[in-house]
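Inspection log for the structure reproduced underneath, given as structure tokens.
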Amino acid sequence: MTFPLYALDYMGYEAGLVAFTLVGVGFGFVLERAGFGRAPVLTAQFYGTDTRVLKVMFTAIVTALVGMTLLSGVGILDLGAITVPDTYLWPHLVGGILLGVGFVVSGYCPGTSVVAAASGRIDGLLTIGGVMVGTFLFGLVYPWLESFHNSGHLGVLRFTDLLGLPQAVLTAGVLAMAIGAFFVGEWAERFFTRRRNLPAPASAPRTRNGVFAVLGVLTAAGFVGLINPPATPVAPEKTFAAMNTMTFARTLIERGESLYVVDLRDPSACAVKRIPGALCLSEDDPEGAFIRDLPPTRTLVLYSQGDMTEIPATASAFTGEVRVLEGGYAAFNAQFLTTPVAPESGTTVDLARFRVRSAIHGYLTGSRAQPAAPRPKPVKMQRKKKKGGGC
Amino acid sequence: MNQPTIEVLHGRHNHLIDPALHIWGWEIPVYLFLGGVVAGLLILSAALELVRGRKDASLPMRTAPFVALVLLSLGMVALFLDLEHKLYTFRFYLAFEPTSPMSWGSWILVLVYPVAFLLGMGSVPQETRVRLIGYPPFQKLKVSSWLMCVFGRADSLRRPLLWASVVSGAALGIYTGILLGALSARPQWDTAILGPLFLTSGLSTGAAFLLLLPLDDGERHKLVRWDLLAIGAELLLIAIMLIGFAAGDRAGQIALTNLTTGNWGGAFWVLVVLLGLGVPLVMDLLEVRRRLAPVFLAPLFVLIGGLSLRFIMLASGQASSFRMIQ
Amino acid sequence: MQGERPFWNPYLAGFALGLVLLGSFAVLGFGLGASGASNRLAIGAAHVVAPKTMESAPYFSQYVGPGKNVLDDFLVFEVLGVFLGGALGAYSAGRMRKEVSMGPSKGVSRGTRLALAIGGGILMGVAAKISRGCTSGQALTGGSLLSVGSWIFMMAMFAGGYLASPFVRRQWK
């Protein structure tokens with residue numbers, strides 16, 4: 001599953017902001033074209049003369065619902081990653097009634113007032129101001145409302161859980177309900193406009209039927225997912241590239257400031273001896289929670305005693321590059337932190353290896369390279385080192 | 001075997017050890033923005049007369065050079081507030097340093113004042129001139145004779161003045177960008193595009209400023225089209241800048257990610273590109289194509305976008321540094 | 001100049017709105033909202049006026065304080081987008097005009113209409129905070145996610161509207 005992109009971390013925060021702004025542009029544009037930038041159009045809902053609000057809202061709900069059911073049915077969209085608002089029984093009931101009253105008094109709801117203001121309606125602009133004042137007033141009296149505000153908390157409660165029905169079945173149910181509501185709405189429009197000698201709102205039945213035919217077909221397609229439920233995909237394990245001790249040692253020396261080195265062994269072991277520059281875990285933070293807060297500008301190198309089998313969760317949360325030291329501390333210690341012994345006899349390759357080892361050892365521990373090494377000229381070692389890196 | 005380990009720690013392992021240079025606050029972006037608007041006003045008001053000939057202009061167009069002077073002075077106040085050694089400002093004018101953009105800038109600012117003043121004086125209509133010269137206190141203080149001289153000069157030098165206005169406006173606009181571009185320690189500012197980018201932004205914000213005022217139809221007709229061109233050019237320059245970063249070295253990559261996905265990335269795309277350029281572009285196009293009545297919203301968006309561009313380039317630019325290169 | 005373009009067919013508009021909502025779910029993983037932005041805007045404004053008081057108040061300090069930017073929020077950006085989209089929609093349809101929206105027969109004065117707009121707004125602001133969302137955040141978003149609380153909110157909202165509608169009938173006649 002790839003979607004939702006942001007919730008599944010395929011998209012950063014700033015990119016998410018831009019994407020959500022574009023969603024907002026679409027939202028505002030459609031609301032305006034739906035006629036929701038005008039108070040009389042919106043409030044006609046409550047006098048039965050034009051049930052545009054009902055039609056637009058329910059069609060939108062059904063469309064989004066059908067789309068989600070279908071996308072999750074074919075396995076692209078992870079429904080579990082979508083934020084569902086918690087249910088608070090009493091606040092939802094009371095807040096809903098008050099908002100309805102405010103709606104018919106001001107002529108807008110908080111979202112449509114923005115559209116109204118954008119199209120030049122002064123009353124819309126003032127409604128935005130009112131909403132700002134209202135939310136602020138709530139903040140002022142919050143201490144007295146807190147217990148009510150949290151009353152009737154049922155957590156995330158969806159009708160699928162409440163009724164124990166699959167999403168596709170409920171989708172079909174909501175679609176049927178919506179169509180029923182539209183018939184009632186259109187009947188009410190005819191009834192109330194005739195009574196007041198107004199022209200009935202123009203609506204093209206063909207468009208309506210077209211929209212519902214499409215939604216009906218898509219709802220039916222949603223059932224396919226029911227018959228053949230997609231296998232729950234296993235989240236891919238985040239794998240980390242290993243870094244061999246030689247590369248690591250050289251990076252540490254040449255560009256030490258490009259690394260964070262974290263010692264995942266026991267804090268006491270780490271305190272005795274560790275790779276120079278490594279950060280130890282501490283007793284009160286054995287999981288290494290601090291890793292998560294490191295800025296992701298450097299490569300994070302982790303090591304434990306030997307080869308690592310799993311990465312702590314805190315390191316997975318690190319957004320930068322993560323590497324694991326091959327062979328762990330044991331390998332590094334044996335190779336570079338113990339005094340290398342010069343080979344008695346050996347090939348030139350052995351000799352070159354020894355020189356590099358002793359140079360790194362000397363650098364990291366501060367001790368000098370073994371005098372036994374023939375002609376330990378730094379210039380030469382440098383060149384040999386480059387050759388050695390290739391093998 | 002159990003020898004003590006002497007750790008050779010890199011001091012820069014500590015991520016706060018490098019000095020963070022974040023020294024410019026709101027003053028500089030406001031100054032750069034106002035400088036851009038002034039550049040736009042000077043270029044556009046002069047260019048309009050060069051294109052349309054000298055005929056009765058609307059009040060906002062006639063007074064545009066004076067307004068430009070006021071805005072420039074406000075910008076200079078902001079700049080002055082930012083200066084560390086306020087008393088030594090005069091030293092800028094004791095020498096000219098051809099390699100220093102600050103030196104160029106201070107001299108350009110000096111050049112703009114007389115040009116804009118004379119341009120504005122030349123646009124004062126005849127009856128106002130008569131009234132000003134005839135004002136008794138002016139006559140007593142010998143201001144009238146000076147005014148007569150100034151009006152005469154402003155008229156006789158009208159055409160050279162128009163060109164001087166265009167040139168000094170362009171110099172001012174480019175300088176506001178070069179000022180940042182010269183500080184190559186910030187990878188994000190280390191691009192030659194900033195000069196033309198800030199100039200075109202100055203043109204569009206200058207046009208937007210004028211479009212907010214009651215112009216006559218002919219002037220509006222021209223300005224909206226020029227505004228469109230400036231916005232289009234600005235979008236193009238931003239694209240070139242980003243492509244330049246993307247195709248560049250490690251410093252360029254840092255500048256690119258810092259600007260487009262860094263802390264200011266969302267604000268950059270939304271406030272500068274979408275609100276400041278994209279939406280006004282569409283609205284201007286609609287106005288031109290569909291002959292819709294002009295609204296103040298599009299110019300307002302352009303002005304907000306122009307101000308945001310300066311703020312974001314400064315704020316996010318100061319967050320970019322070669323320290324990030326490893 | 002051209003006249004106003006007609007509104008879209010409501011079912012088609014609803015379909016388009018549903019696609020926008022679906023896009024929000026699919027790209028970001030959460031739905032739309034509106035009142036949250038007004039809330040943050042108001043708190044931001046109050047913070048400019050009285051920074052110390054705001055930061056020391058336990059409720060407001062969750063929004064403002066050191067290292068927090070009250071406007072750096074998804075909903076603020078989205079509502080800015082709503083404004084831009086609304087402006088584009090209104091301008092391209094020839095509907096952008098400075099005026100006060102009133103009922104066809106103008107049963108109340110301009111002043112009354114504006115006062116009611118503010119009053120209704122204040123009521124909605126309080127209500128939206130109580131129910132943790134408004135028409136966009138609860139009814140539309142939560143409704144399509146089949147959240148029980150959102151459907152309760154939606155029904156209550158329609159009920160509240162119908163209950164109050166006789167009292168402000170003059171305004172919309």
Side-chain angles (χ1 to χ4, degrees), chain A residues 3-4 6-7 20-21 23-26 28-30 32-35 39 43 46 52 55-56 59-61 63-65 67 83-85 87 92 95-102 104-106 109-111 115 118-120 123 126-127 130-132 134-136 138 142 157-159 207-208 211, chain C residues 7-11 13-14 16-18 20-22 24 26 28-30 34-35 38-39 42 59 77-78 81-83 85-87 89-90 97-98 100-101 117-118 120-127 129-131 134-136 142-146 148-149 152-153 156-157 160-161 164-165 172:
Chain A
F3 294 98
Y6 175 76
F20 205 36
T21 311
V23 166
V25 171
F29 187 86
V30 174
E32 203 288 328
R33 284 298 158 93
T43 48
F46 298 106
R52 232 166 213 282
K55 292 174 190 169
V56 174
T59 316
I61 288 174
T63 306
L65 184 54
T83 314
V84 181
T87 294
H92 273 153
I97 292 174
L98 289 180
L99 200 123
V101 175
V104 78
V105 170
S106 70
C109 60
V115 177
S119 61
D123 46 337
L126 291 180
T127 304
V131 174
M132 282 172 61
T135 51
F136 192 75
F138 175 86
Y142 182 71
L157 182 64
R158 302 175 74 234
F159 278 106
T207 316
R208 176 195 64 196
V211 167
Chain C
F7 297 135
W8 283 355
N9 179 299
Y11 297 108
L17 188 57
V20 172
L21 187 55
L22 182 62
S24 180
L28 294 143
F30 44 83
S35 51
S38 304
N39 181 34
Y59 171 80
F77 274 75
E78 184 232 16
V82 171
F83 189 88
R97 234 181 2 262
K98 204 171 107 179
V100 178
S101 261
I118 297 179
I122 293 175
L123 194 57
M124 284 196 295
V126 175
K129 283 303 289 183
I130 290 178
S131 54
C134 58
T135 331
S136 328
S144 59
L145 289 167
L146 299 175
V148 175
I152 293 174
F153 170 86
M157 184 189 86
S165 59
W172 304 119

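Side chains are part of it too, since the values below use all heavy atoms of this structure and drop only hydrogens, waters and symmetry mates. Proteins get letters first, then strands, A, B, ... in listed order; numbering begins at 1 in each.
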Query raised in the report: For A:Phe20, is it the side chain, the backbone, both, or neither that has a heavy atom closer than 4.5 Å to a heavy atom of chain C?
Result: both
Requested in this report: Over all heavy atoms of both residues, which pair between A:Gly95 and C:Ala127 is shortest? Give the atoms and the distance, please.
Outcome: O-CB, 3.4 Å
Report task. Measure the OG1-CG distance between A:Thr127 and C:Leu123 for me, rounded to the nearest 0.5 Å. Result -> 11.5 Å
Query raised in the report: Distance-only, no hydrogens or angles: does the A:Asp123 side chain make a donor-acceptor pair with backbone N or O of C:Ala117 under 3.5 Å?
Result: no
Query raised in the report: Between C:Ala13 and A:Ala34, what is the shortest heavy-atom contact and its length?
Result: CB-CB, 3.7 Å
Query - Aromatic ring pairing A:Tyr142/C:Tyr59, orientation class (parallel under 30°, perpendicular over 60°, tilted between) - result: tilted
Query raised in the report: Among C:Ala26, C:Gly143, C:Gly142, who wins on heavy-atom pairs under 4.5 Å with chain A?
Result: C:Ala26
Report task. Identify the residue among A:Val56, A:Thr59, A:Thr63 that makes a side-chain contact (heavy atoms from CB on, under 4.5 Å) with C:Tyr11. Result -> A:Thr59
Query - Among C:Ser136, C:Ser101, C:Ser35, C:Ala16, residue most engaged with chain A (heavy-atom pairs, under 4.5 Å) - result: C:Ser101
Report task. Considering non-hydrogen atoms only, spot the tightest contact between C:Phe7 and A:Arg52 and give its length. Result -> CB-NH2, 3.7 Å
**Report entry** Which of C:Ala90, C:Gly120, C:Gly14 touches chain A most, by non-hydrogen pairs under 4.5 Å
**Finding:** C:Gly14
Report task. Could you pull out the closest heavy-atom pair between C:Ser24 and A:Val23, with the gap in Å? Result -> CB-CG1, 3.8 Å
Query - Heavy-atom side-chain proximity of A:Leu99 to C:Phe153 below 4.5 angstrom - result: yes
Requested in this report: Using a cut-off of under 4.5 Å on heavy-atom pairs, state which of A:Gly102, A:Gly67, A:Ser106, A:Gly120 scores highest against chain C.
Outcome: A:Ser106
Report task. Please round to the nearest 0.5 Å and tell me the distance separating atom CD1 of A:Ile97 and atom CE of C:Met157. Result -> 12.0 Å
Requested in this report: Kindly give the heavy-atom pair with the smallest separation between C:Leu145 and A:Arg158, and that separation in Å.
Outcome: O-NE, 2.9 Å
Query raised in the report: At a heavy-atom separation under 4.5 Å, does A:Val101 approach chain C through its side chain, its backbone, both, or neither?
Result: both
Query raised in the report: Would you find a donor on one side and an acceptor on the other, under 3.5 Å apart, between the side chain of C:Trp8 and the backbone of A:Val30?
Result: no
Report task. Look at C:Ala87, C:Cys134, C:Ala164, C:Ala42 and state which one has the largest set of heavy-atom pairs under 4.5 Å with chain A. Result -> C:Ala42
Query raised in the report: Under the 3.5 angstrom rule, does the side chain of A:Arg33 hit a backbone N or O of C:Gly89 as a donor-acceptor pair?
Result: yes
Query raised in the report: How close do C:Pro10 and A:Lys55 get, heavy atom to heavy atom, and via which atoms?
Result: CG-CD, 3.7 Å
